[in-house]
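Report on the structure given below.
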Amino acid sequence: MKQRVSRKNEHTEDVKQLTEKVSDEYKIFYYSMMEKDKTEIFESCDKIKFYSCVSEYFEWNEEISKKAVKKLKDIRHPLEELWMYYIGHEYISVSSWEDIDEMLACYSDRLCTDIPSDGITE
């Protein structure tokens, strides 16, 4: 008798893995920023805000879109990938979860050919 595999559980596992990957990447980013001098930190404030907001979104949001999870789950550094997308699209904001939902929807709907991913994907 075949075992039925729930798609919901599959999505939940993908979200869990992506969330852990984002959390680990954020911790590395955080500690690397703490090693910098105050001028370098000040000059990185936009990236710090982005990483903080997006990692918090993945940590606490229980309704991350399946499409975004599917696009990001196999990327080695999802925060860096999203940062590259963000800086290439000046109209995007990450000030709220709704903004991040919109960014992820835009990111997920593109073909991923407009951003070089040298060494970022596995």
Would a 4.5 Å heavy-atom cut-off, applied to side chains only, mark E81 and H77 as touching? no

Is there a donor-acceptor pair under 3.5 Å between the side chain of K21 and the backbone N or O of R76? no

Where I100 and C53 come nearest, the two heavy atoms and their spacing: CD1-O, 3.7 Å

Heavy-atom side-chain proximity of L82 to Y51 below 4.5 angstrom: no

Distance, nearest 0.5 Å, that separates NZ of K71 from OH of Y85: 10.5 Å

Heavy-atom side-chain proximity of S23 to E59 below 4.5 angstrom: no

Check whether Y107 and W97 end up in the same hydrophobic cluster, where Ile, Leu, Val, Met, Phe, Trp and Tyr are linked by side-chain heavy atoms less than 4.5 Å apart. yes

Let's go through D109 and K67 carefully: what are the C-alpha distance in whole Å and the side-chain angles of both, what is the deciding distance for salt bridge (charged side-chain N to carboxylate O under 4.0 Å, His left out) to 0.1 Å, and is it a yes or a no? CA-CA 8 Å; D109 289 337; K67 202 175 209 179; 2.6 Å; yes

Hydrophobic clusters here meaning ILVMFWY residues chained together by side-chain heavy-atom distances under 4.5 Å, can you tell me if Y31 and F42 are in one? no

Out of curiosity, L79 CG to F50 CZ, how far, rounded to the nearest 0.5 Å? 6.5 Å

For a 4.5 angstrom cut-off between non-hydrogen side-chain atoms, does V94 reach M103? yes

Verify, without hydrogens or angle tests, whether D99 (side chain) and S95 (backbone) share a donor-acceptor contact under 3.5 angstrom. yes

So the salt bridge (Lys or Arg N to Asp or Glu O under 4.0 Å) pairs with at least one residue in residues 39-52 (sequence neighbours excluded) are K47-E80

Decide yes or no for L104 and Y57: does some side-chain heavy atom of the first lie under 4.5 Å from some side-chain heavy atom of the second? yes

Point-to-point distance, once rounded to the nearest 0.5 Å, from CD of E62 to CD1 of I64: 9.5 Å

Smallest heavy-atom separation, A68 atom then S108 atom, equals CA-OG, 3.1 Å

Testing the 3.5 Å rule here: is there a donor-acceptor pair between the side chains of Y30 and S55? no

If Ile, Leu, Val, Met, Phe, Trp and Tyr residues are connected whenever their side-chain heavy atoms lie under 4.5 Å apart, and connections chain through other members, are I28 and W83 in the same group? no

For residues D101 and S65, determine if any side-chain heavy atom of one lies less than 4.5 Å from a side-chain heavy atom of the other. no

Using 0.5 Å steps for rounding, measure from the OG atom of S93 to the CD atom of E98. 10.5 Å

Rounded to the nearest 0.5 Å, how far does CD1 of I92 lie from CD of E102? 8.0 Å

Is any side-chain heavy atom of I48 closer than 4.5 Å to one of F29? yes

Ring-plane angle category for Y91 and H89, please: parallel below 30°, perpendicular beyond 60°, tilted otherwise. perpendicular

Output for pair (K16 NZ, D14 CG), nearest 0.5 Å, gives 12.0 Å

